[in-house]
Structures are given as C-alpha cells and as structure tokens.
Amino acid sequence: MTAAANTETRGFETEVNQLLDLMIHSLYSNKEIFLRELISNASDACDRLRFTAISDAGLYEEDIELKIKISYDKDKRSITISDNGIGMTREEVIDHIGTIAKSGTRAFLDSITGDEKNDAKLIGQFGVGFYSSFIVAEEVTLRTRKAGTEKDQGVEWVSQGKGEYSIASVEKAGRGTEITLKLREGEDEFLNDWKLRSIITAYSDHIDFPVVMDKSVEPEEEGGETVIEEEMVNQASALWTRARSEIKEEEYREFYKHVAHDFEDPIDWSHNRVEGTNEYTSLLYIPARAPFDLYDRESRSGIKLYVQRVFIMEDAEKLMPRYLRFVRGVIDSNDLPLNVSREILQGSKVIDSIRSGSVKKVLGMLEKIVKNDPEKYQKFWKEFGRVLKEGPAEDFANREAIAKLLRFATTHTDDEEQNVSLDDYIGRMQEGQDKIYYIAADSHAAAKNSPHLEIFRKKGIEVLLLSDRVDEWLTAHLMEYEDKKLQSVAKGELDLDNDETSEKELEKKAKSAEKLLKRMKDALKEQASDVRVTNRLTDSPACIVLNEQDMAMHMQRILKEAGHELPSTLPILEINPDHPIVKKLDTEKSKKKFADWSSILFDQALLAEGGQLDDPAGFVAKLNKMLVTIAR
C-alpha cells in the first residue's frame with residue numbers, strides 16, 4: 001500500500017465543533033501552549049510503549065531509543081512533532097482524535113468563562129490538549145502506526161478544524177505518531193529555531209525522554225561538508241530522581257503542569273526519598289484549582305506510579321484515598337515488579353506502606369500551610385473542603401489529623417464562608433460546655449435561620465452551620481473531637497440547662513400543657529411520634545426534633561428524590577406554649593379546626609427543617625382557611 005487507501009470523511013461531534021471554534025477564534029493569550037501539549041502527549045505515548053514492551057520486547061522493532069523530535073520547514077510553513085512511542089490503530093484514532101465522545105470535552109466547554117487567559121489554562125486539564133494545535137494551525141495532519149503492526153497498517157488523519165476530518169490507511173515505516181501543523185498566516189514566529197528551543201526548555205525540560213531538534217555542525221576542516229545532527233534540547237531526566245538541592249522551584253512548578261495537565265502553579269509540593277524496608281521516591285503536589293472531574297467516581301486521574309522509572313499506571317484510588325483524590329504527582333518504587341497489575345496492587349503490602357506514608361506527607365503539607373499561611377489554606381479549602389470532609393469516614397487512622405484541617409461556618413459571625421476550625425470553636429466554648437453543637441440544613445440560609453438556634457443565640461452558645469451534602473456523612477463518622485462530643489441541636493434531648501430550676505420550670509410548663517399535648521398527639525398521630533414542650537424555642541411556635549440516629553430531614557428528601565427507600569420513622573414535634581399561636585390553639589373548641597391548625601404547625605416546622613410535605617395542596621388549603629378565619 002503505497003498511497004492513501006480506504007479513505008473516508010467524517011464529521012466532528014457538536015462538542016468538538018464548538019471546541020475547535022473556540023481554539024481557532026478565542027484562545028490567543030498564550031499560543032505556545034500547543035507545543036507543550038503535543039510534547040506531553042508524545043511523552044505519554046513513549047511511556048505506554050516502554051511499559052507494554054516489558055512483556056513484549058518485539059514492540060520496539062529494533063528502535064529502542066525512545067525520543068520526541070521537533071522540526072520545522074520555513075518553505076512549507078509547517079512544524080512537525082513526532083515520537084516513536086506506542087502509536088494508534090485506525091479505531092483508536094477515530095475514538096481518541098476524531099470524536100472524543102468523553103466527558104472532558106463537554107465539561108471543558110461548560111467551564112469556559114470568556115476570559116481568554118483563564119480559558120487557555122483549562123486546555124490540558126480537560127484532556128483536549130491535541131486540539132490546541134488549531135490555535136496556530138490552519139490544517140493538522142496526523143500520521144501514526146501502532147507498535148507491533150505491519151507497515152501498511154499506518155493511519156493518516158487530516159483536518160482543517162471546520163466540522164469534518166478525513167481518515168485513510170497509509171504505509172508508515174516507523175511506529176509512533178507524527179503531527180504536522182500547517183501554520184496560519186501571522187504565526188511565522190514559530191518557524192524559528194531559537195523560539196522552539198526556548199518553548200521546549202520552558203515547558204518540557206523535565207520530560208523523561210529526549211526532545212531533539214536538528215542542528216547544523218560546521219566541518220572542522222575547510223572544504224568539508226556541513227552535517228545535520230540531532231541535538232537534545234531538554235534535560236531528559238526524571239525530575240523526581242534528582243536531589244532536591246539541584247532542583248529549582250520553577251522546575252518543580254513546570255513539572256507539576258506537565259504531570260497534572262494544569263496551567264496554574266500548585267499550592268505546595270513535597271519531594272521525598274524513602275529508604276528502609278520499602279524504597280520509593282514521591283513527588284506530591286496540592287493543586288490550586290479543583291479539576292473538572294473531582295466528583296466523578298469513575299475518574300482515575302491522580303498519582304502516576306512508576307517502577308524503577310518505568311511508568312506503570314495512573315490510578316487515584318490505589319495510591320491515595322478518595323478524600324485526597326485531588327493530589328497529583330508521581331511515586332517511583334524500587335520494590336514492585338515491573339509487570340505489576342491492578343490486582344497485585346490491591347493486596348500489596350508495599351503499596352499499603354507507600355499509601356500510608358504518602359497520606360501522612362499530604363496531611364503534613366496541609367498542616368504546614370495552616371500554620372504558615374492561613375490565607376492560602378482558605379483558598380485551598382474553598383476548592384477542596386467538601387472532598388476533605390469525606391476523610392473521617394474513609395480514614396479512621398488519620399481522623400484526628402483530618403479533623404484539625406476541617407473548616408466550618410458558625411453562628412459566631414453567621415458568615416457563609418467556612419473559616420472556623422474545631423480548635424477555634426473549642427477556644428470559644430462557654431465554661432462548663434462539653435459538646436460541640438451543630439445544625440445541618442440544605443443551605444446556609446436554612447441553617448442560619450433554623451428555629452433550633454433560638455435558645456443557643458439567647459445563651460450566646462456558638463453552633464456550627466453545616467450546609468454541604470457531605471456534612472451528614474461527616475458527622476455520622478466524626479462523633480467527637482478532643483473528647484468533646486459533636487451534638488446536633490435538632491436531634492434528641494437538649495441538655496443545655498442542667499440546673500434544677502430550669503428543669504422544674506420545663507416540668508411546670510409540660511404539666512400546664514398536658515391537655516393540649518394530648519389533643520395534639522391525637523390529631524397528629526399519623527405524622528408525629530410524640531408532641532412535647534420545648535426548651536429550644538424562644539420566638540417560634542414549634543420545631544421538628546429527630547431521634548439521635550435519624551438522618552436530617554433535608555437529606556431524607558434528597559435520597560427520596562433519588563429513588564432510595566428509607567425506613568419509615570416519625571419525628572417528634574416540640575411546641576412553645578408561650579407563643580401566641582400555640583395559646584390560641586389551646587383555646588380552640590372545634591375539633592376540625594384544632595386538627596387543621598395542629599397540622600399547619602407540624603407542616604411549617606417540617607418545611608423549616610428542609611423536609612418535604614406529602615400533601616402540599618392540603619397544607620395550602622388549611623392555611624387559607626385559617627387566614628380567612630383570622631381575617632373575619
């Protein structure tokens with residue numbers, strides 16, 4: 001097969017069309033990122049070949065020196081990026097280049113802000129780096145052949161970024177991928193040896209494979225011929241294998257951008273070489289911005305595992321617990337076999353040891369930031385706080401360390417910003433207070449305005465305001481901190497006043513309201529398990545109280561909406577006998593009106609808790625009747 005055969009023209013998906021239009025017309029703020037992205041992709045291809053060839057050395061096809069080559073042609077106004085990595089089959093080209101029917105493209109488009117500089121930063125993070133070629137190119141030609149296939153199994157992909165591409169079978173002598181960019185008018189600055197070398201040095205110096213360019217070597221003797229030789233432009237050494245003292249901060253930052261496909265600098269990093277029973281090197285980074293797939297349970301992005309500098313796999317879950325899935329970096333072990341599989345990792349004591357040590361390093365980094373730069377930590381918390389709240393449930397061994405890092409909104413300021421630590425809270429606890437009080441709701445406003453807080457505000461007792469969905473999960477597993485029990489103000493009995501006078505006063509109120517309580521219990525027997533006098537309320541007529549083990553009302557509503565079956569339990573209704581509405585109810589002689597008014601009180605209390613009414617129309621009808629009665 002000497003010429004292109006089996007040619008077909010295909011259309012891009014809608015999302016890819018939008019993406020191409022964005023690349024071509026919008027992202028001008030940092031054009032040179034196209035080279036960084038294509039070199040990074042080529043490096044990944046070389047990594048994959050090196051790993052696959054461990055079990056099949058024939059894939060090298062007698063070309064064992066993996067490298068990436070950059071060349072340019074001023075006459076043709078083109079730049080070519082080629083590698084001798086793993087390559088792709090026709091099906092893989094269609095799947096990965098032609099359609100990209102993956103969540104990354106859609107999520108990238110959803111994240112676009114219209115700010116060129118910020119949007120350019122998102123390119124690599126969303127796995128759409130190949131398309132950055134169209135920032136500078138009017139036409140892109142990709143030629144590739146999968147390692148181990150015949151020479152006539154090559155593939156050529158061509159597109160001008162205008163809604164379609166052609167794909168054909170071609171003959172390609174060498175394995176790997178070659179991408180040629182035909183530059184747009186006005187992009188001639190990239191047809192320059194110094195310019196290309198400076199971009200490679202700036203963005204790809206840390207790439208673990210040689211990035212080479214041709215260099216003219218003048219003859220030593222007069223009359224000799226000028227020779228073209230390949231010259232390595234980057235250092236081509238695995239950054240993490242070098243001593244920390246030899247690495248500049250800028251190199252650490254650039255390596256992060258390569259390994260995390262992020263354009264922003266990381267918040268912090270930790271580079272460690274561990275020796276002893278297990279020998280490994282780790283270079284772990286904490287990003288400044290949450291990745292788009294942070295809450296995607298299927299995402300495997302995270303830590304790259306190497307064995308003796310050979311890339312094995314990228315897996316967030318085996319090397320780092322789920323609550324630290326935002327951590328990026330590399331771990332290079334000397335003790336694992338090169339043919340390690342995910343199954344071997346599952347029960348590996350070496351991996352368990354590496355994981356345990358790495359978690360401590362990450363938590364240590366965060367503790368250091370808390371101590372040295374609280375403002376920086378607050379920025380971290382805004383991006384990753386909800387994920388870190390998953391920690392106490394997942395990592396019992398480090399529960400106390402994680403709890404120290406948690407931040408909450410509280411009634412101390414009523415602000416929505418979560419910036420109060422549990423240590424801050426304990427430092428402000430009243431004399432004799434032995435519990436950390438919290439209220440959970442489905443929004444900050446609902447938590448802040450909950451009737452359950454009335455007595456706490458009156459007494460000046462601080463309460464944590466929890467409004468993240470994960471908070472219910474958190475409090476189910478973080479039940480105490482520094483020997484102080486975490487107590488919901490909306491569940492169980494409230495023991496704020498242990499003095500005899502307060503108890504007697506509550507008993508007196510309950511005694512006076514005995515008949516009212518009995519009538520309400522009868523009226524609400526299908527809705528409430530009990531009706532009792534409250535010591536929580538000062539301004540509201542009633543509130544819903546749950547049993548200690550019950551899930552918050554707003555979480556019950558969310559789970560029901562998601563189709564989950566929940567055990568049927570009835571809440572408790574607490575009433576404030578000093579409230580005018582309750583006093584009016586006590587004097588109502590009509591059995592029907594009494595039942596309706598009792599039901600209205602219950603439904604109002606349920607709504608205030610974030611619960612869901614079984615009969616909203618019935619509630620409105622009863623409320624309207626009551627308003628008509630009052631208006632007469």
Worksheet item: Got a sec, which residues hit ring pair (Phe, Tyr, Trp, His ring centres under 6.0 Å) with His444, two or more places apart in sequence or on another chain?
Response: none
Practice prompt. Using side chain to side chain donor-acceptor pair (under 3.5 Å) as the criterion, list what pairs up with Asp415, not counting sequence neighbours.
Written response: none
Item to complete: Verify whether the ring centers belonging to Phe34 and Phe190 lie closer than 6.0 Å.
Response: yes
Worksheet item: Going through the distances and angles, do Arg145 and Glu61 end up as a salt bridge (charged side-chain N to carboxylate O under 4.0 Å, His left out)?
Response: CA-CA 12 Å; Arg145 178 171 68 80; Glu61 302 175 8; 2.9 Å; yes
Discussion item. Tell me every residue that passes side chain to side chain contact (heavy atoms under 4.5 Å, CB included) with Ala173, counting only those two or more places apart in sequence or in another chain.
Written reply: none
Response to the item:
Applying ring pair (Phe, Tyr, Trp, His ring centres under 6.0 Å) to Phe209 and not counting sequence neighbours gives none
Discussion item. side-chain contact (heavy atoms from CB on, under 4.5 Å) for Val212 and Val233? Distances and angles first, verdict last.
Written reply: CA-CA 6 Å; Val212 302; Val233 182; 5.9 Å; no
Practice prompt. Quick one: list whatever passes ring pair (Phe, Tyr, Trp, His ring centres under 6.0 Å) with Tyr60, sequence neighbours left out.
Written response: none
Practice prompt. With sequence neighbours excluded, tell me which residues meet side chain to side chain contact (heavy atoms under 4.5 Å, CB included) with Lys76.
Written response: Asp73, Ser78
Worksheet entry | Of Leu38, Thr180, Leu183, the residue whose pairing with Ile79 passes side-chain contact (heavy atoms from CB on, under 4.5 Å) | Leu183
Worksheet item: Thinking salt bridges, do Arg10 and Glu8 make one under a 4.0 Å N-O criterion?
Response: yes
Practice prompt. Could you tell me whether a side-chain N or O of Asp188 sits under 3.5 Å from a main-chain N or O of Leu191, the two making a donor and an acceptor?
Written response: no
Discussion item. Please verify the inter-ring angle class for Phe380 with Tyr377; under 30° counts as parallel, over 60° as perpendicular, anything in between as tilted.
Written reply: tilted
Worksheet item: Charged N to carboxylate O under 4.0 angstrom, Glu150 versus Lys172?
Response: no
Practice prompt. Please answer whether the main-chain N or O of Lys182 pairs with a side-chain N or O of Glu138 as donor and acceptor at a distance below 3.5 Å.
Written response: no
Worksheet entry | N/O donor-acceptor pair under 3.5 Å between Ser82 side chain and Ile179 backbone | no
Discussion item. The criterion is side chain to side chain donor-acceptor pair (under 3.5 Å); which residues satisfy it with Glu383, sequence neighbours excluded?
Written reply: none
Worksheet entry | Qualifying residues under side chain to side chain contact (heavy atoms under 4.5 Å, CB included), relative to Ser204, sequence neighbours excluded | Ile39, Ile200, Ile207
Fill in: Whether over 12 other heavy atoms sit under 6.0 Å from Arg50 CZ
yes
Discussion item. If the condition is side chain to side chain donor-acceptor pair (under 3.5 Å), which residues does Arg143 pass it with, not counting sequence neighbours?
Written reply: Glu156
Item to complete: Can you label the angle between the Tyr285 ring and the Phe255 ring as parallel, tilted or perpendicular, going by 30° and 60°?
Response: tilted
Fill in: Residues forming a side chain to side chain donor-acceptor pair (under 3.5 Å) with Asp268, sequence neighbours excluded
none
Worksheet item: Is any side-chain N of the basic residue among Lys195 and Glu189 closer than 4.0 Å to the acidic one's carboxylate O?
Response: yes
Discussion item. Please determine whether a side-chain nitrogen of the Lys or Arg among Arg289 and Asp262 lies less than 4.0 Å from a carboxylate oxygen of the Asp or Glu.
Written reply: no
Worksheet entry | Among Phe51, Tyr280, Trp240, the one residue meeting ring pair (Phe, Tyr, Trp, His ring centres under 6.0 Å) with Tyr306 | Trp240
Item to complete: Keeping to residues at least two apart or across chains, list the salt bridge (Lys or Arg N to Asp or Glu O under 4.0 Å) pairs with something in residues 226-243.
Response: Lys67-Glu230, Lys69-Glu230, Arg197-Glu231, Lys215-Glu231, Arg242-Glu251
Response to the item:
Sorted by chain and residue number, the side chain to side chain contact (heavy atoms under 4.5 Å, CB included) partners of Arg253 (sequence neighbours excluded) come out as Glu249, Glu250, Asp265, Pro266, Trp269
